[in-house]
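All remarks here apply to the structure that follows.
In what follows, chains are A, B, ... by sequence order, proteins preceding strands, each numbered from 1.
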Number of protein chains: 2
Amino acid sequence: MLGLLSAGPASGYDLLKTFELSLENVWPATQSQLYAELGRLAKEGLVRVAAEGPRGRKEYEITEEGRAELRHWLVEVPPTMTRRSDMLLRVFFLDQVGTGAARGYLERLAERAVHEHDQLLGIREFVIGQGDDALRLYGDIALEWGLRLTAAQRDWAEWAAGRVAALEQEKALEHEKAGQAVAE
Amino acid sequence: MLGLLSAGPASGYDLLKTFELSLENVWPATQSQLYAELGRLAKEGLVRVAAEGPRGRKEYEITEEGRAELRHWLVEVPPTMTRRSDMLLRVFFLDQVGTGAARGYLERLAERAVHEHDQLLGIREFVIGQGDDALRLYGDIALEWGLRLTAAQRDWAEWAAGRVAALEQEKALEHEKAGQAVAE
DNA sequence: ATCGTACATTCCTGTGTTGACATGTCGCTA
DNA sequence: TAGCGACATGTCAACACAGGAATGTACGAT
């Protein structure tokens, strides 16, 4: 929120829209959180109510302290790598459902990755050439991350489905062999 | 937890160790959560206390209902893609700190990705050839995801740092030109 | 003039998550 | 045999988060 306000003053409602439209991919937030956080930030002096508009609108702006805190967070606080992926967690237990269903799961992951990749391409077309040099660059860099991630996800899921298919084949062969042995 | 118990009975303490050792990368959990969840699962009939050992040890085992629920979750509940990456969120606001610091941030991301990649390679060496066919396969698939993710992260961060460096150059040139114009 | 929609905020409930604290047992070894 | 370290479970307070309900205002179109 400090980041968004650093680009100019906005109300809680404005910020909410921004989260829904452009930031939901990297940091979803609900309105309860948002308004609560605005209050907290105001109490800490990192933001301030700059103006009150119609409909009880309170326009917030970032303070110098807030800007300093933002810069501090950006460069000095070590980023925490996102863990906790239920998509990956399931992979660990995929042996519980047999090779067929496991392969299906991985194939669906691949499809999904392709779908998300396409959506990101659409966004890129849409935002192309908007904003000034610096803003465009960093937006572009973030988008590129999504593009690479979804591409990697697709490749991986397809590769994994292939590995499972190989195991399936192997098992089928063994089974056949065992059947022959019994027949002899 | 149902997944872990599907491989055989274990106590809360055992599960805790497993989370710390092998699952912390995809799904960290604290002991308070763990014991609370075990109680909840027992109340719902998805797990059952199979035996009581020394030191008050309670060995849990998965029930048929639990196994069914696990299978249900694995194949029918749509996986939620992990969003919320503070690493990526920062990128959006990197124009607040200037090109130098921004480039530094991205370069550190690249280093970090290389480091994590190496750690995963170490884990792969360590676990190679453990477990039966199916278990090894799915563990391997999960590990491969980490490998590909960290590799993509490194490539991306290096590429992004390059883009920022280009912008830096461009700005320096403009500045120089402006200086010349003033001098003339 | 009025009615629907978008604007705008606040509060509430339930759940997930973390971290700390409390409590106690068993087995080994100095 | 005293004590340490690993084993083992349980509880609590604080906070983050999601979803929704309640409330009201202003603007634009018919």
Side-chain angles (χ1 to χ4, degrees), chain A residues 1-2 4-5 8-44 46-61 73 77-87 89, chain B residues 1-5 8-21 23-44 46-61 69 73 77-86 89:
Chain A
M1 287 173 49
L2 291 176
L4 292 178
L5 287 175
S11 71
Y13 193 82
D14 293 338
L15 294 176
L16 185 62
K17 293 296 150 194
T18 312
F19 270 93
E20 280 173 3
L21 290 175
S22 90
L23 240 50
E24 104 265 71
N25 289 306
V26 290
W27 201 273
T30 58
Q31 107 283 46
S32 7
Q33 251 178 298
L34 218 146
Y35 283 110
E37 193 62 30
L38 268 180
R40 228 169 295 147
L41 288 173
K43 208 161 66 182
E44 288 175 42
L46 303 178
V47 302
R48 161 182 53 226
V49 178
E52 307 219 358
R55 284 174 273 214
R57 174 191 176 91
K58 282 188 269 184
E59 198 154 72
Y60 288 90
E61 71 179 2
W73 174 70
V77 180
T80 60
M81 284 298 156
T82 317
R83 317 167 162 125
R84 194 162 277 179
S85 155
D86 72 282
M87 169 242 122
L89 181 61
Chain B
M1 288 173 47
L2 291 176
L4 291 177
L5 287 175
S11 70
Y13 193 82
D14 294 338
L15 294 176
L16 184 62
K17 293 296 150 194
T18 313
F19 270 92
E20 281 171 2
L21 289 176
L23 240 49
E24 103 265 70
N25 289 307
V26 290
W27 201 273
T30 58
Q31 111 283 44
S32 8
Q33 250 178 300
L34 219 147
Y35 284 111
E37 194 61 32
L38 268 180
R40 229 169 295 147
L41 289 173
K43 208 162 64 182
E44 288 174 41
L46 302 178
V47 303
R48 160 182 52 224
V49 177
E52 307 219 359
R55 282 176 271 217
R57 175 190 176 92
K58 282 189 267 186
E59 197 155 73
Y60 287 90
E61 71 179 1
E69 172 60 25
W73 173 71
V77 180
T80 61
M81 283 299 155
T82 316
R83 321 177 170 105
R84 194 162 277 180
S85 155
D86 72 282
L89 180 61

Worked verdict on A/Leu34 versus A/Met1 for side chain to side chain contact (heavy atoms under 4.5 Å, CB included):
CA-CA 8 Å; A/Leu34 218 146; A/Met1 287 173 49; 4.2 Å; yes
Pull out every protein N or O sitting under 3.5 Å from an N or O of nucleotides 19-23 of chain D, one pair per line with the distance.
unit_1, atom_1, unit_2, atom_2, d
D/dG19, N7, A/Ser32, OG, 3.4
D/dG19, O6, A/Ser32, OG, 2.4
D/dG20, O6, A/Gln31, OE1, 3.2
D/dG20, O6, A/Gln31, NE2, 2.9
D/dA21, N6, A/Gln31, NE2, 3.1

Value in whole Å for how far the [atom2] atom of [N] lies from [atom1] of [X]:
{"X": "A/Glu52", "N": "C/dT9", "atom1": "CD", "atom2": "C1'", "result": "12 Å"}
{"X": "B/Lys17", "N": "D/dA6", "atom1": "NZ", "atom2": "P", "result": "9 Å"}
{"X": "A/Leu38", "N": "C/dT10", "atom1": "CG", "atom2": "P", "result": "9 Å"}
{"X": "A/Leu21", "N": "C/dC7", "atom1": "CG", "atom2": "P", "result": "11 Å"}
{"X": "B/Tyr35", "N": "C/dG24", "atom1": "OH", "atom2": "P", "result": "16 Å"}
{"X": "B/Glu59", "N": "D/dC7", "atom1": "CD", "atom2": "P", "result": "15 Å"}
{"X": "B/Arg40", "N": "C/dT17", "atom1": "CZ", "atom2": "C1'", "result": "11 Å"}
{"X": "B/Glu20", "N": "C/dT18", "atom1": "CD", "atom2": "P", "result": "13 Å"}

So do B/Leu2 and B/Glu69 actually touch side chain to side chain, heavy atoms under 4.5 Å?
yes
Under 4.0 Å between a side-chain nitrogen and a carboxylate oxygen: does that hold for B/Glu52 and B/Lys58?
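Salt bridge: no.
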Distance, nearest 0.5 Å, that separates CD of A/Glu59 from CZ of A/Arg57:
4.5 Å
CG (B/Leu15) and CG (B/Leu38) are apart, to the nearest 0.5 Å, by 6.0 Å
Determine: side-chain N/O of A/Lys58 to OP1/OP2 of D/dT25, distance under 4.0 Å, yes or no.
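Answer is no, no contact under 4.0 Å.
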With a 3.5 Å cut-off and sequence neighbours excluded, list the donor-acceptor pairs that the side chains of residues 17-28 of chain A form with protein atoms.
unit_1, atom_1, unit_2, atom_2, d
A/Thr18, OG1, A/Asp14, O, 2.9

From the list [options], which nucleotide is the closest neighbour of the side chain of [X]?
{"X": "A/Pro54", "options": "D/dT9, C/dA8, D/dA26", "answer": "D/dA26"}
{"X": "A/Tyr13", "options": "D/dT9, C/dA6, D/dA18", "answer": "C/dA6"}
{"X": "A/Arg55", "options": "C/dA6, C/dT18, D/dG10", "answer": "C/dA6"}

Is it the case that the base of C/dC7 and the side chain of A/Arg57 share a donor-acceptor contact (distance under 3.5 Å, atom types as modelled)?
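No pair found.
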Walking DNA chain D from its 5' end, the first of A/Gly56 and A/Trp27 to be reached, judged by nearest nucleotide, is A/Trp27
Can you see which heavy atom on B/Tyr13 is nearest to which on B/Tyr35, and at what distance?
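Smallest heavy-atom distance, with atoms named: N-OH, 3.4 Å.
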